[in-house]
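The sequence lines fix the lettering, A, B, ..., with proteins before strands; numbering per chain opens at 1.
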Amino acid sequence: MIAQIITGLSSGAAYALVAIGVVLVYKCTRALSIAQGEIGAFGFLVGLRWADGGVPGFGWHLPRFGTLVVAVVVAALIGLVVERLVMRPLVQRPPLDGLIATLGVALVLALAELQIFGTAQQNAPPAVGEWRLRVLGATLVSSRVVAVVVAAAVAAALYVFFSRTKFGLAVLATTSDPTVARVLGVPVNQVYRFAWVASGALAGVAAALLGPAFGGIAPFDLTRFTLRALAGAVIGGLDSIWGAIAGSLIIGVVEAVVGSQVAAGGADTVAVLALVLVTLLLRPRGLFGATAAA
Amino acid sequence: MAVVVVPVVADGPTLSILVGTAAVAIAALGLDVLVGRAGQLSLAHAALLGVGGFTAVNVGGRGGPWPLAVVAAVVVTAAVSTVAGLPSLRIRGLQVAVVTLALQVMAERFLFVRPDVTAGSLTLERPALLEADVPLYLFSVACVALVLLVRRRLGSTRTGRALLAVRDVEARAGAFGVEAGPTKLFAYTLSGAIVGLGGAVLATKATAFGTAIDPFRLLQSLLLVAIVVVGGAGSGSGIILASLFIHTLPQVVDALKRSGPLVSAVLLVVSIVAQPEGIGGVLRDIPRRLRRGREQRPSPRPRLVELAAASEAAADLRRVPRKLALQMPVRALLEAREVGVRYGGVLALDDLSLEVRRGEIVGLIGANGAGKSTFFNAVSGFAPVTGSIRYKGAELLNRPPVRRSTYGLARTFQDMGLVRAETVRENVLLAQTWLARYPGAAGILGLGGTMSQERELRRRAGLALELFGLEHLASERLGDLPYGTMRTVEIAAAVASGPDLLLLDEASAGLGPDESQALGERFLALRDELGLTLVVIEHHVPLIARVCDYCYCLESGRLIAEGSPAEVTSQASVIASFLGRAASQEAVL
């Protein structure tokens, strides 16, 4: 049981990376984004393609660690493009329009993956090497350990960022009222850009780490990342980064424990859904959310 | 409006594809009831389509007659959809999308893999009438037409209008007598019923149904959303065209076979960014632009009306069934005692006591942030209140906002609480929601007294618009009108709901001096001709001086002065509140 919990925590850490990105975008733009999971997956698949088939034009096969780097860079670039072309024009519109737009982005990416990479599940040796760690009876593969470490590092970095740096303050100002922030000279457009690039990069890390750990990513595997990360963000409270982390960890643990105890396929998904419903019905603003989410 | 293309000349396989498209179009039209009318995004509609289809196959394949299978599909899908809509009562729109995503995934992984659900060995027997391709195709077109008719009928009922309020101004919908919860659930039920019909059509068409669950997977749910967005939320013809484009073309045109879904996805993104009203918006604009080229636009300002001349018609508006009779002889229509409103650390109203007597026009003045609108919120039920507020002697504080509007309270909002996307007439009808009491389904079917109730509402709306000189703007979209006219529409809508007490929040905001003068005349006429009692929040002191019988001045949530307008405006404390201490000292000197 402890082993399951530890494993679940490591999955949760990877979900948390995506969930943090979702909350970051929500805090900055009041738009809920469904696209992060797929952005990360796309980056990972590009990295894989370049590792196996060589970088186009160079013929140079990436080293294993390169897939992680490529995943992060490609995903961050996609985030940048999405922000500029799709989300920036929608800033004044109701949040539902933003949600639909990110849905469209996720759909475009998923279908493009199908076209470019085919339908088979793609996998690769983990980018961070093939070692394991035994913790309290659970054996964690390298990717999972790194996921936990990265998630913790990101959380710490964000804490410092929001409380100590000028740009972090700018982000918080934009969150509470973009119009007023703009009038006061806060570089609001830079804040939007930061939110999307950062969330894309985080999603790329998550996909690169978790993909190998789960046995690969198939195009259009929205259920894996997107649903779990969204569930984590929603449970934690859409406007709280700590909530996103806590919620994702809880999701990871519940999913692992239920998956191991109950034989029926899909039972872990049912458990995740039940957890989301129960949390929202008892506390609509989420565990750590400050305001009732729109 | 409805564009019905009948390519009866097409061959068998094409007709079969078109039947499939009809089913998808029906599902998209059902999704649009949720998205376009209620503002709820569901990512589970392909799963609902599957529920409908599999129900039909299970009922028909096990010996039930075909009509029963169809009815079962409609009913079961409606029920499932209603249950799926229950979370929306507590949680807001974005989270609903996440919940429906989870439901869709669950249905795929859990429900549609069970052989007793998919019933692979059973088939639904087509009735002899629909054996051939052409009759089946015509049947599917008839189903689409039926769905379009139902949607049209929905728009003419109180529930249809209430859904718009829930979509756009949910927090305040109670002020019109709209109960958000049951209204939302109705939208889910209706949506499910429509999708169930689509599932039945699919089941009737397919020979081996249970083996292929691809039409019911997440990708199809997302494509349904794409159809609704590209077609234009709320536009039946747009959605049908989008269905043809997104569903039929890839199957018919070879070049699009592989990339069809990707093109649709790109269209979805382009649509939501650049043309959010979709194809339907384009279709609507064309006749409007043609018409405008030829005619003059109606003047967007209200006509000047002599209210005294229309007093009989005006009195007619006051005749409404009133539940709350006078409890005991009270001198004050509205009586507030020691009312306090606290938001977290901020005390918005502090120990406020005031009274409004029948037939008075009471002015509520004060600097910005003094708590005037908060007091209105307290009276109409949108603020957490301590103390006592009595209306006609009955305590208001335990009653939900929806109830209070039935007692004869009507109000306007500082930032205009109507639905800008709809026409003037629809908004005035919306404000009278509490007057018609029929359930949604009865309204759609036109049962019982619903048609006559609707006629009565329209008559009253016409009267109210005439009283304010707005009848020439009845079909204009509210959001297109100038700000001052929008505010006048809001007052007309409030009057149409037949109140005894009218709370007007900064009705003169955005009006020039002439219009302010006319507004003052209107206030007096509302009191004299319609017998209304008014409480007006105003900043325009001459207006207050001319019109009000009694005046209260607030500052930082407290009452600092009361009396006749002349008395109040000459008090040093009031002048200090508005203009500063030096000015007040000058005035005293």
Side-chain angles (χ1 to χ4, degrees), chain A residues 26 30-34 82 85-90 93-112 114-115 220 222-223 226-227 230-231 233-235 238 264-270 272-277 279-286 292-294, chain B residues 35 39-41 43 84 86-114 167-168 170-171 217-219 221-223 225-226 228-230 233 258-274 276 421:
Chain A
Y26 180 77
R30 286 280 156 235
L32 179 64
S33 170
I34 307 192
V82 166
L85 290 183
V86 177
M87 300 310 290
R88 185 90 65 86
L90 295 182
R93 301 251 216 100
L96 190 64
D97 285 11
L99 177 61
I100 294 178
T102 62
L103 192 80
V105 167
L107 193 56
V108 167
L109 286 174
L111 291 169
L114 275 177
Q115 297 271 53
F220 219 143
L222 276 181
T223 56
T226 308
L227 185 58
L230 278 178
V234 162
I235 289 180
L238 278 175
D268 48 353
T269 313
V270 175
V272 166
L273 172 64
L275 192 58
V276 169
L277 280 177
T279 312
L280 287 181
L281 290 178
L282 292 180
R283 204 181 150 89
R285 73 168 91 118
Chain B
V35 173
Q40 310 271 311
L41 181 65
L43 302 179
L86 286 175
S88 76
L89 296 180
R90 277 276 278 185
I91 65 184
R92 295 303 175 89
L94 304 181
Q95 294 156 317
V96 168
V98 174
V99 169
T100 56
L101 177 63
L103 286 174
Q104 166 72 42
V105 169
M106 226 183 68
E108 277 178 54
R109 298 268 226 88
F110 212 55
L111 205 59
F112 293 160
V113 295
R114 297 164 65 96
R167 179 191 73 190
D168 284 353
E170 181 171 357
R217 309 198 102 194
L218 180 59
L219 173 61
S221 270
L222 299 177
L223 285 180
V225 174
V228 170
V229 172
V230 170
R258 265 195 84 209
S259 53
L262 181 57
V263 171
S264 308
V266 171
L267 268 181
L268 167 60
V269 176
V270 167
S271 208
I272 192 80
V273 172

I need the Leu114(A) CG to Leu262(B) CG distance, nearest 0.5 Å. 9.5 Å
So what's closer than 4.5 Å to chain B heavy atoms on Leu90(A): side chain, backbone, both or neither? side chain
Please classify the contact between Leu32(A) and chain B as side chain, backbone, both or neither, with a heavy-atom cut-off of under 4.5 Å. both
Listed pairs under 3.5 Å, donor-acceptor, residues 96-108 of chain A side chains, sequence neighbours left out:
residue   : atom : partner  : partner atom : Å
Asp97(A)  : OD2  : Arg93(A) : NH1          : 2.8
Thr102(A) : OG1  : Ile34(A) : N            : 3.1
Thr102(A) : OG1  : Leu99(A) : O            : 2.8

When the 4.5 angstrom heavy-atom criterion is applied to Ser271(B) and chain A, the contacting part is neither
Of all heavy-atom pairs linking Val99(B) and Leu273(A), the shortest is O-CD1, 4.1 Å
Winner by heavy-atom pair count (cut-off under 4.5 Å) against chain B, out of Val86(A), Leu85(A), Val272(A), Val276(A): Val86(A)
For the atom pair CD (Gln95(B)) and CG (Leu230(A)), what is the distance rounded to the nearest 0.5 Å? 11.0 Å
Contacting region of Leu282(A) [heavy-atom separation from chain B under 4.5 Å]: backbone
Is Leu268(B) in contact with chain A via its backbone, its side chain, both, or neither, using a 4.5 Å heavy-atom distance? side chain
Proximal component of Val229(B), with respect to chain A [non-hydrogen, under 4.5 Å]: side chain
CG-CG distance between Leu223(B) and Leu111(A), expressed to the nearest 0.5 angstrom: 7.0 Å
When the 4.5 angstrom heavy-atom criterion is applied to Leu86(B) and chain A, the contacting part is neither
Do you know which of Val270(B), Leu103(B), Leu41(B), Val263(B) has the most heavy-atom pairs with chain A at a distance under 4.5 angstrom? Leu41(B)
